Number of protein chains: 2
Amino acid sequence: MIVPAKNPSETNREYAFRVISENIISLEIEPGSMIGEQEIATILGLSRTPVHEALLELSKSKIVDILPQKGCSVSMIDSDLIREARFLRITVEAALVEDACELATEADLQELEENLQLQEFYLKKDQSKLLTLDNDFHEIIYRICNKMQCHYMVSLMSMHFDRVRNLSLRSVKDLKIVSDHRAIFDAIKAKDPVAARAAFQKHMARFDLDWNIISQEYKQYISDGKN
Amino acid sequence: MIVPAKNPSETNREYAFRVISENIISLEIEPGSMIGEQEIATILGLSRTPVHEALLELSKSKIVDILPQKGCSVSMIDSDLIREARFLRITVEAALVEDACELATEADLQELEENLQLQEFYLKKDQSKLLTLDNDFHEIIYRICNKMQCHYMVSLMSMHFDRVRNLSLRSVKDLKIVSDHRAIFDAIKAKDPVAARAAFQKHMARFDLDWNIISQEYKQYISDGKN
DNA sequence: GTAAAATAACTTGTATGCAAGTTATCTATA
DNA sequence: TATAGATAACTTGCATACAAGTTATTTTAC
């Protein structure tokens, strides 16, 4: 488990939530493995209380399963939950990119452009930074549309999806993510909602294709075996 | 504060969450009022811990605001958050009713029909039961589409919306909710996704009209004053 | 040696006490 | 009386202890 330094401005609970989340998404903690509150508390130098509260929040999205009086396990990769997360993101964000065509200011467009520059820069240098930049890109769109509360909800569920996206970055060589983002950006800048929705849906459709590769290569992390 | 009996199968935390939620949505606890953990814990006959955890979960949807070392307040009626909740519901459920046209089995249709019968029955008898039946109707659609996790996320945000819907039931006499639901049901039964989406959007559009009435009649509960 | 029962070592749920910070009240001083 | 400062009474965040339930181990009986 990778333990970054605690940000002084965050509470112990927020710190625990952040560290556990990052380790789950990065697969540093393996899907299906058991994690105890006391164990994590000791590693982070905290008591059980803030860790317990962090795990409670994570359990709401079923990214961890709390089994009372038994323990807490990181969820296996679950195609149903990934489908839900994907459905939620596609549905919500397809509507958002349309709205963004109307709402985006010049400053907003510049912020998106800046993010895209970094994506293109790190595409060949450090793909691990792409995940963060991808998240940022989508978050900016939520902010443009004044839908940050929706972003929190979608993000929580997207953790299932993010884990797979992480696998995808390892196993799929020919990434089109960055050029997809530029197509979405171009449509928003051109104030063309039809093109924006189309570009976004094309972007998200790629993860359909990846699933077959992932499900074979990482079979040990996938629940049930079906799909 | 109305305190229903504790269900033996639920934990103290779940009980606290349920009671607090119900009292907020029903406006039994007034928007803007302060609620202390110890105060609620005493009323419910619990310690602070499960109450604290319940309030933490509620704070994630901003339906309560936790002010560290100061207290916990029930949020004022916030048009931005209502808009977000409404956007999320409309966007997600419009997509769901389309999918339900394909996925609904005979048993599913019968369950919806049964719910509709009860709605029509209670429309003139006891409107307080309509809110629950309305929630049930929408939940059945989530279940048909196997999107219960999305339902949890949308429900949490919808509490902002539900409070207003409650006001709406008081202030708006001519309710079309039940006939709206029947129109949605008919479209799903006819496996007509275009009609289903249209009927659903017509349904949700009513709350636009209600807002003006609500914002004037219940001014003291509304944050800021703008909109 | 095997199986069943007792027990010890775990887990999370909850209660309680203290720490740290905010707010209201009371007191002192001009 | 008005104002500033000290203080007492609150609040939530967190640590710790215990309760209740599960699992692994050990012991005992055959």
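So that the names make sense, note that chain A is the first sequence line, chain B the second, and so on, each numbered from 1. All values below come from the heavy atoms of this structure, side chains included, with hydrogens, waters and symmetry mates left out. What you see is a predicted model; the values in this text were computed from it and never measured.
- In this structure A:Met148 satisfies the side chain to side chain contact (heavy atoms under 4.5 Å, CB included) test together with A:Glu139, A:Tyr142, A:Arg143, A:His151, sequence neighbours excluded.
- Scored by the side chain to side chain contact (heavy atoms under 4.5 Å, CB included) test, B:Asn23 finds B:Met1, B:Ile2, B:Val19, B:Glu28, B:Ile29 as partners (sequence neighbours excluded).
- The side chain to side chain donor-acceptor pair (under 3.5 Å) search around B:Thr105 returns B:Asp108, not counting sequence neighbours.
- Listed by chain and residue number, A:Arg18 satisfy the salt bridge (charged side-chain N to carboxylate O under 4.0 Å, His left out) test with A:Glu22 (two or more places apart in sequence, or in another chain).
- Counting to the nearest Å, the P atom of D:dT11 and the CG atom of B:Asp65 are 17 Å from each other.
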Nucleotides 6-15 of chain C: protein proximity per nucleotide (B base, S sugar-phosphate only, - neither; heavy atom, under 4.0 Å): -----BBBBB
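- Take A:Phe161 and apply the ring pair (Phe, Tyr, Trp, His ring centres under 6.0 Å) test, not counting sequence neighbours, and it matches A:Phe207.
- Partners of B:Asp99 according to the salt bridge (charged side-chain N to carboxylate O under 4.0 Å, His left out) rule, which considers only residues two or more places apart in sequence or in another chain, do not exist here.
- For the residue pair A:His160/B:Gln149, the side-chain donor-acceptor check at 3.5 Å is not satisfied.
- The end-to-end axis angle of the helix from C:dG1-D:dC30 to C:dA30-D:dT1, rounded to 10 degrees and based on five pairs per end, is 30°.
- Taking the side chain to side chain donor-acceptor pair (under 3.5 Å) definition, one finds that A:Gln119 meets it with A:Asn115, A:His181, sequence neighbours left out.
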